[in-house]
Protein chains: 2
Amino acid sequence: MLKFVLLGSLNCQPMSGYDLKQFIDRSTSNFWHAELSQIYTTLKTLEKEGLIICTSVAQEKRPDRRVYTITPEGSQHFADWLHQPFTEVDPYKDTLLLKIFFSGDQDKTDILAQLDIQRNIHQKIVEKYQAETAGIIAKTMEHAPHLRKHALMWEATRRFGEIAEVAYLRWLDETIQMVQENF
Amino acid sequence: MLKFVLLGSLNCQPMSGYDLKQFIDRSTSNFWHAELSQIYTTLKTLEKEGLIICTSVAQEKRPDRRVYTITPEGSQHFADWLHQPFTEVDPYKDTLLLKIFFSGDQDKTDILAQLDIQRNIHQKIVEKYQAETAGIIAKTMEHAPHLRKHALMWEATRRFGEIAEVAYLRWLDETIQMVQENF
DNA sequence: AGTGGCATGTAAGGCGTTACATGATTTC
DNA sequence: GAAATCATGTAACGCCTTACATGCCACT
C-alpha cells in the first residue's frame with residue numbers, strides 16, 4: 001500500500017508530491033514504486049483522513065509547491081502498521097516464467113531469444129545494484145551519524161536486490177543451458 | 001494478464017472455469033495466480049472476443065459445467081503473444097522490505113520478530129519446492145513421452161521458485177545476523 | 001528549436017480482490 | 001453434524017496505469 005510508503009517518507013521530512021516521487025524512485029522503487037498521479041491522489045486521501053497536512057508554498061511562475069507534513073495521528077498510524085507482524089508473502093507475477101511455462105512447443109531459437117533478452121536486462125540490474133554498494137553506509141555515517149541504523153536498513157534492502165537478481169541470473173543461465181542441451 | 005494464462009491452459013485441453021482454477025493452482029500459481037471470480041469474468045470476455053467457445057454440459061443436481069474450448073483465433077492470439085519478445089521486468093512489490101526499510105528506529109526485538117516470521121514462512125516454501133523435484137519429469141515422460149519438452153519447461157519454472165526462495169532465505173539469514181550484531 | 005526538469009493535477013479504464021448468493025454431494 | 005468439494009456467477013470496491021491537460025525555465 002502506497003499509503004504507508006508516503007507516511008514513512010513524510011515521517012523522515014515534509015515533502016511535496018513531486019519530491020516524494022523522487023524520494024521513492026531513489027529508495028523504495030525496487031520493492032515499491034508509484035506513478036506521480038497515484039501519489040497525488042493518495043496524498044489527497046491521506047489529507048482527508050487527517051494523517052498529513054498540506055502547506056502551500058507560493059512560487060513565481062510555477063504552481064505552488066504543496067508541501068505535506070505528517071500529523072501525530074499519521075505518525076501513530078504508521079508506527080502501528082510498522083509494528084504489526086507481517087505473516088504473509090506478497091504475490092509474485094512473472095511474465096517470462098509464464099511464457100517459458102507454455103513454451104514446450106516453441107522453436108529452440110525462439111526460446112533462447114527470450115531468455116537472452118532477459119539475461120541482458122538482469123545482468124545490467126545486477127551491475128546497478130553492485131555499483132550502489134559500499135557507498136551508502138559510509139556516506140550516511142559521515143554526514144549524519146545518527147542515521148547509522150537507518151543506513152544499515154537501506155543497505156539491507158539494496159542487498160536484497162543484489163541477491164535476488166544474482167539468483168535470477170543464475171536461473172537464466174541454468175535454463176539457457178538446459179534448452180541448448182534438450183531442444 | 002490472466003487472459004493468456006487461460007488461453008495457454010485451454011490450448012492444452014478444454015476446461016471449465018472451475019477446472020482452470022485447479023489447473024492454475026497446481027501449475028502457474030507460483031508466478032501467476034487468480035481467484036475464481038476473476039477467472040469466470042475473464043472467460044466471458046474471451047468468449048465475447050471469439051477467442052474461446054463455450055459448451056454447456058448438463059449435470060444432475062449441479063449447475064451445468066460450462067466447458068471452454070480455444071478457437072483457431074484464440075490459438076493464433078496466444079501464439080502471437082508467446083512469440084513476442086518480452087523486453088521488460090515485471091514490477092516487484094514486497095511488504096517486508098518496506099517495513100525493514102523504515103525500521104531504523106524500531107526495537108531490535110521487533111525487527112527480529114518480523115524477520116523470524118518470514119524465515120519460517122520461506123523455509124516452508126523452499127521445502128515445498130524441493131519436495132516437488134525429480135518427480136515431474138520422470139512421471140510425465142513415463143505416461144506421456146510426447147510431453148517431454150513441456151515437462152522440462154514446467155521443471156524450469158519449479159526450479160525458479162526453488163532458487164528464488166533459497167535466495168530469499170539467504171538474505172533473511174544475513175539480515176538477521178546483521179541486526180543481531182548492530183542493534 | 002527541442003528536450004528535460006519543475007510542478008500540479010483529473011479522468012478513464014484495467015486488473016484484481018473480497019464479499020455475497022445458491023445449493024447439492026461427499027467425506028470425516 | 002460440520003467441513004470440504006463441486007459448480008456457477010454478480011457487485012462493490014481498491015489499487016494502479018495511461019492518457020490527458022497546463023505552462024514556465026534551463027540547457028544544449
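Hydrogens, waters and symmetry mates play no part in the numbers below; they use all other heavy atoms, side chains included. Below, read A as the first sequence line, B as the second, and so on, with proteins coming before strands; counting in each chain starts at 1.
- If you take NZ of Lys21(B) and C1' of dT17(C), they are 11 Å apart, rounded to a whole angstrom.
- Counting only heavy atoms from C-beta on, Tyr40(B) has its side chain closest to dG9(D) among dT8(C), dT17(D), dG9(D).
- Comparing Asp19(B) and Pro91(B) by the nucleotide of DNA chain D that holds the closest heavy atom to each, the one mapping nearer the 5' end is Asp19(B).
- Considering only side-chain atoms of Arg65(B), the nucleotide from dT17(D), dT18(C), dT8(D) that sits closest is dT8(D).
- In this structure, Asp64(B) places its CG atom 14 Å from C1' of dA24(C), rounding to the nearest Å.
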Given the rule in the side-chain contact (heavy atoms from CB on, under 4.5 Å) test, do Ser16(B) and Arg66(B) qualify, once you have shown the distances and angles that lead to the verdict? CA-CA 5 Å; Ser16(B) 69; Arg66(B) 300 175 59 76; 5.7 Å; no
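- Between Ser37(B) and dT17(C) there is no side-chain N or O to OP1 or OP2 distance below 4.0 Å.
- Heavy atoms of Thr42(A) sit nowhere under 4.0 angstrom from any nucleic acid atom.
- If you take CE of Met1(B) and P of dC15(C), they are 4 Å apart, rounded to a whole angstrom.
- The CD-P distance, from Glu35(B) to dA19(C), rounds to 11 Å in whole Å.
- The phosphate of dT17(D) (OP1 or OP2) has a side-chain N or O of His33(A) nearer than 4.0 angstrom.
- Aromatic ring pairs are classed by plane angle as parallel below 30°, tilted from 30° to 60° and perpendicular above 60°; the pair Phe78(A) and Phe4(A) is tilted.
- Cation-pi geometry between Lys99(B) and Trp81(A) is met: under 6.0 angstrom from the ring centre, within 45 degrees of the axis.
- Comparing Lys93(B) and Gln22(B) against DNA chain D, the residue whose closest nucleotide sits nearer the 5' end is Gln22(B).
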Would Asp105(B) and Lys149(A) count as a salt bridge (charged side-chain N to carboxylate O under 4.0 Å, His left out) here? Give the steps. CA-CA 7 Å; Asp105(B) 282 334; Lys149(A) 287 181 178 175; over 6 Å; no
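- Here the C1' atom of nucleotide dA7(D) and the CG atom of Asp25(B) are 15 Å apart, to the nearest Å.
- Ser29(A) places no side-chain N or O within 3.5 Å of a backbone atom of Arg26(A) that could act as its donor or acceptor partner.
- Here dG16(C) presents its C1' atom at 11 Å from CH2 of Trp32(B), a figure rounded to the nearest Å.
- In this structure, Lys44(B) places its NZ atom 16 Å from P of dA7(D), rounding to the nearest Å.
- For the pair Gln38(B) and dT18(C), the criterion of a side-chain N or O lying under 4.0 Å from OP1 or OP2 is not met.
- In terms of phosphate contacts, Thr41(B) brings no side-chain nitrogen or oxygen within less than 4.0 Å of OP1 or OP2 of dG9(D).
- You'll find that the side chain of Arg66(B) is closest to dG9(D), out of dC6(D), dG9(C), dG9(D).
- Between Glu88(A) atom CD and dT17(C) atom P the separation is 13 Å, expressed in whole Å.
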